Amino acid sequence: MNRLRNRDVMYLKAVGPARAKLLNSELGIHSYYDLLHHFPSNYLDRTTVYRIADLPHATDDAAIPAIQVKGQFVSFAIHGEGAKRRLVGLLSDGSGLMEVVWFHRIADIRKAYSTGNRYVVFGKPNVFNGRWSMTHPEIDTEGSANDTGGLRGVYPLSEKLRQRNVTSKTIFLLINQVLNSLPPNLSETLPSSIIARYNLMPINEAVKAIHNPKNTEELARARNRFKWEELFYLQLDIQRFCRNRASASGGFVFNHVGQYFNRFYKECLPFELTGAQKRVIREIRRDIGSGKQMNRLLQGDVGSGKTLVALMSMLLAVDNGYQACLMAPTEILASQHFDTISKMVAEIGINVKLLTGSTPQKARDIIHEGLQNGAIHILIGTHALIEDNVKFRNIGLAVIDEQHRFGVAQRARLWSKNTTPPHVLVMTATPIPRTLAMTVYGDLDLSIIDELPPGRKPIVTLLRHDNNRMEVYRAIGRQLREGRQVYIVYPLIEENEKLDLRSLEEGYETICETFRDYRVAYVHGKMKPAEKDYQMGIFASGEARIMVATTVIEVGVNVPNATTMVIENAERFGLSQLHQLRGRVGRGGDQSYCILMSKQQLSKNTRQRLTLMTQTTDGFVIAEADLRMRGPGDMEGTMQSGLIFNLKVANLSKDGDLVELTRSAAIDMLNSDPNLSMPENQVAARQLGFLTKRVADWSRIS
Ligand code: ADP
Ligand code: MG
């Protein structure tokens with residue numbers, strides 16, 4: 001199979017340099033191998049031959065799919081003038097007559113077909129002037145190589161290809177040329193042990209069956225094999241990466257639970273840990289006691305108590321004589337973490353400091369000194385933490401909050417602060433479906449907090465339209481009179497920035513007029529940081545009772561007295577983003593509300609999405625739905641392995657079971673043969689080499 005990578009499509013019949021160039025640029029097809037891996041996006045059903053007399057007389061033409069008829073032309077004639085000029089062939093199959101109509105390339109077509117020969121005609125039948133007809137159907141000579149029967153691939157094309165007369169059939173014929181020239185014993189691209197163990201279709205058969213399967217069962221087996229191949233090598237790449245890192249770097253051993261942890265647990269913890277928090281702390285302790293560097297992703301919905309888990313992990317580091325740091329994506333979040341954490345540990349003598357971009361030089365100098373002489377136990381801050389001049393005496397644990405704002409490269413900078421890298425705990429409130437997490441964050445071990453602290457009242461979510469606005473304002477008024485606070489959120493999307501800013505400003509003015517008795521804070525992303533902090537500050541302190549904002553408030557802001565959130569133009573947000581926003585309310589003991597405002601007219605899909613938000617507050621359900629409806633989206637950007645871009649048949653949201661299966665197969669293989677050096681794994685080693693090299697090449701080009 002891999003030899004086919006060196007055979008240029010240029011050398012196929014009907015392909016010269018010009019067409020080869022077109023296939024390169026439009027479809028990324030260079031070699032025979034590429035061509036065979038250009039999979040159909042759909043299939044024509046050529047399993048059944050219809051009799052013209054039996055064609056279903058549906059009143060709705062759209063209900064009849066493309067079908068196949070066999071017969072011979074009894075006559076050809078040209079009808080009409082100008083734009084209506086057309087060639088009409090009358091086809092008879094012995095049971096009845098059907099018109100075959102062409103509007104273009106009439107002269108060529110008239111030459112191509114003759115009365116007397118038998119043809120297979122494939123297309124969508126219409127009734128025209130009381131007679132069945134097909135327009136520009138696909139026609140093959142009966143019994144020829146192209147009269148394949150079975151299901152036949154339909155190929156994705158570009159507009160440019162269509163203009164240059166490259167059709168789906170052209171591609172199919174090229175693929176068939178390659179298929180017909182293949183040696184009978186094509187070399188496998190999956191190890192035979194895997195083929196046998198998982199009962200997969202061998203490459204010989206699969207490569208034919210994916211383009212021209214006999215029936216739907218055969219197609220399913222072929223697709224399954226290629227899905228396997230894609231996902232298996234993806235997982236193998238990820239797992240190999242994890243192993244390399246694990247073996248390259250040992251980790252500090254924190255095997256001691258000391259006075260800080262114990263005193264905190266006994267004296268400072270104002271509540272019982274949830275079962276999920278306990279389980280996750282056990283998972284973390286197992287990692288940090290193992291002698292290997294921890295790289296763990298802690299996932300938990302907003303408000304599930306991740307900060308506490310982070311704090312207790314940091315206390316373990318301190319108990320073992322190390323420093324710890326917690327890095328947040330914004331100043332506001334960093335100082336909120338600093339406030340809560342320093343309050344919680346005030347009594348046990350832990351020295352916590354805050355370092356952000358706005359820390360004055362003098363304070364900064366003192367912090368630098370405290371970090372180097374070990375007086376500071378825990379440092380909380382923003383990106384400022386990873387600046388080069390920040391040096392710890394012995395950093396043992398780094399916690400990163402809300403990871404999606406930190407790239408892999410920034411994580412790597414944290415590791416390089418020591419010769420032995422610190423343990424890394426990444427926290428995210430964006431629930432990620434398990435299959436995606438295993439891929440996107442495949443280099444991290446996963447811990448999940450799937451339980452909220454007791455006593456939380458689920459947020460009530462409502463979908464309202466512009467004509468309900470007065471009713472919504474009355475509800476806001478009631479909350480305000482009860483002393484509560486309210487968020488009003490506007491979308492801000494780059495392409496439409498000016499317009500959005502105007503709607504935000506107008507919204508702000510309307511709100512100020514409608515609720516004159518209350519102070520209104522106002523925040524958007526284009527503000528100067530100092531102004532933003534000021535506005536956030538007056539809302540956090542309760543001085544301002546309403547916050548009109550763009551999505552800048554999405555991450556982590558904690559104002560427990562805020563019980564209502566109104567989201568304007570909710571249809572413009574993704575589900576996960578709505579979920580994140582909604583998490584800003586429901587943080588205190590009071591019943592909270594989230595009101596999704598949208599225009600009245602919504603597409604079915606949008607209404608479905610918004611309705612789902614009103615039905616569940618379970619972040620995982622929402623994330624799964626988001627993945628199903630929108631695909632992995634920008635998640636791919638954070639991915640360790642580039643191979644995912646190559647997924648053609650596998651689908652991370654639909655093939656969850658296969659993701660798990662291939663992952664465990666990859667782990668098994670590496671467990672028994674970490675360097676893929678055993679003879680039976682040579683196929684896998686070679687294939688992985690080809691695939692990763694190719695990904696590397698792409699990244700070099702772009
Ligand atoms: P997250 O960071 O996961 O969004 P936080 O750690 O900020 O959540 O916790 C949200 C709130 O829940 C905080 O006020 C915290 O003190 C409280 N909390 C955390 N764990 C518990 C628990 N086990 N029982 C009761 N309240 C808890
Ligand atoms: Mg948090």
Side-chain angles (χ1 to χ4, degrees), residues 261 264-284 296-315 324-330 332-347 352 378 380 382 399-406 425-432 446-459 485 487 536 540 542 553-563 565 576-592 594 617-620 622-623:
F261 186 94
F264 177 80
Y265 195 76
K266 289 195 194 104
E267 297 165 28
C268 311
L269 199 56
F271 33 64
E272 182 68 15
L273 292 177
T274 63
Q277 284 171 320
K278 286 184 190 160
R279 172 170 45 75
V280 168
I281 289 175
R282 271 199 306 275
E283 286 165 357
I284 291 171
R296 190 166 276 280
L297 176 66
L298 172 56
Q299 247 187 70
D301 224 331
V302 275
S304 61
K306 295 184 295 294
T307 314
L308 197 62
V309 170
L311 173 59
M312 294 177 73
S313 309
M314 292 195 287
L315 292 178
C325 71
L326 191 165
M327 183 158 73
T330 64
I332 298 170
L333 275 176
S335 50
Q336 266 184 11
H337 276 315
F338 175 73
D339 290 344
T340 25
I341 287 180
S342 46
K343 255 182 236 142
M344 288 184 105
V345 297
E347 280 161 33
V352 189
I378 294 178
I380 295 176
T382 53
V399 181
I400 305 176
D401 194 10
E402 304 297 353
Q403 191 264 349
H404 50 291
R405 311 268 161 127
F406 284 109
L425 180 66
V426 175
M427 305 198 289
T428 176
T430 313
I432 304 158
L446 186 61
S447 283
I448 297 177
I449 305 189
D450 50 5
E451 182 186 355
L452 290 180
R456 296 275 169 83
K457 293 196 184 80
I459 300 163
Q485 287 168 276
Y487 290 106
M536 290 274 196
I553 60 156
E554 186 183 336
V555 176
V557 176
N558 188 21
V559 180
N561 190 44
T563 51
M565 171 170 288
S576 295
Q577 206 181 10
L578 287 174
H579 181 66
Q580 287 287 307
L581 281 169
R582 180 168 65 179
R584 301 304 108 212
V585 295
R587 299 175 82 83
D590 299 297
Q591 178 62 58
S592 287
C594 175
T617 51
D618 184 329
F620 283 93
I622 289 167

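From a predicted model like this one, the values you see are computed outputs, not experimental measurements. Atoms within a ligand are numbered from 1 in the order they appear, just like the ligands themselves.
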**OP:** Using a 4.0 Å heavy-atom threshold (strictly under), name the region of L273 that reaches ligand 1: side chain, backbone, both or neither.
**Re:** backbone
Subject >> Per-atom contacts of ligand 1 with G305, taking only distances under 4.0 Å to non-hydrogen atoms >> reply: 1 (P), 3 (O), 5 (P), 6 (O), 8 (O), 9 (O), 19 (C)
Original post:
Given the rule in the side-chain contact (heavy atoms from CB on, under 4.5 Å) test, do H337 and M327 qualify, once you have shown the distances and angles that lead to the verdict?
Top reply: CA-CA 9 Å; H337 276 315; M327 183 158 73; over 6 Å; no
Original post:
S304: heavy atom below 4.0 Å from ligand 1, yes or no?
Top reply: yes
**OP:** For K306, counting its heavy atoms only, list the atoms of ligand 1 lying under 4.0 Å from any of them.
**Re:** 1 (P), 2 (O), 3 (O), 4 (O), 6 (O), 8 (O)
Original post:
Just which atoms of ligand 1 are under 4.0 Å from any heavy atom in T307?
Top reply: 2 (O), 5 (P), 6 (O), 7 (O)
Original post:
Which ligand 1 atoms are under 4.0 Å away from a heavy-atom of Q277?
Top reply: 19 (C), 20 (N), 22 (C), 23 (N)
**OP:** Decide whether the shortest distance between a heavy atom of M427 and an atom of ligand 1 is less than 4.0 Å.
**Re:** no
Original post:
Do side-chain atoms of R584 reach the backbone of V559 as a donor and acceptor pair under 3.5 angstrom?
Top reply: no
Original post:
Below 3.5 angstrom, do we get any N/O pair linking G300 and ligand 1?
Top reply: no
**OP:** Could you check R279 against D450 for salt bridge (Lys or Arg N to Asp or Glu O under 4.0 Å), going step by step and ending with a plain yes or no?
**Re:** CA-CA 11 Å; R279 172 170 45 75; D450 50 5; 3.2 Å; yes
Original post:
Hey, which atoms in ligand 1 end up nearer than 4.0 Å to a heavy atom of T274?
Top reply: 23 (N)
**OP:** List every atom of ligand 1 that sits less than 4.0 Å from any heavy atom of E272, numbering the atoms from 1 in the order shown and giving each element.
**Re:** 22 (C), 23 (N), 24 (N)
**OP:** Classify the contact between D301 and ligand 1 as side chain, backbone, both or neither, using a heavy-atom distance cut-off of under 4.0 Å.
**Re:** backbone
Subject >> L311 side, atom CG; L326 side, atom CG - distance, nearest 0.5 Å >> reply: 9.0 Å
Subject >> Q591 (side chain) donor-acceptor with G586 (main chain) under 3.5 angstrom >> reply: no
Subject >> Among I449, D401, V309, side-chain contact (heavy atoms from CB on, under 4.5 Å) partner for M427 >> reply: D401
Subject >> Option from Q299, K306, E283 for which side chain to side chain donor-acceptor pair (under 3.5 Å) with S447 holds >> reply: E283
Original post:
So how far is it from M314 CE to F261 CZ, rounded to the nearest 0.5 Å?
Top reply: 12.5 Å
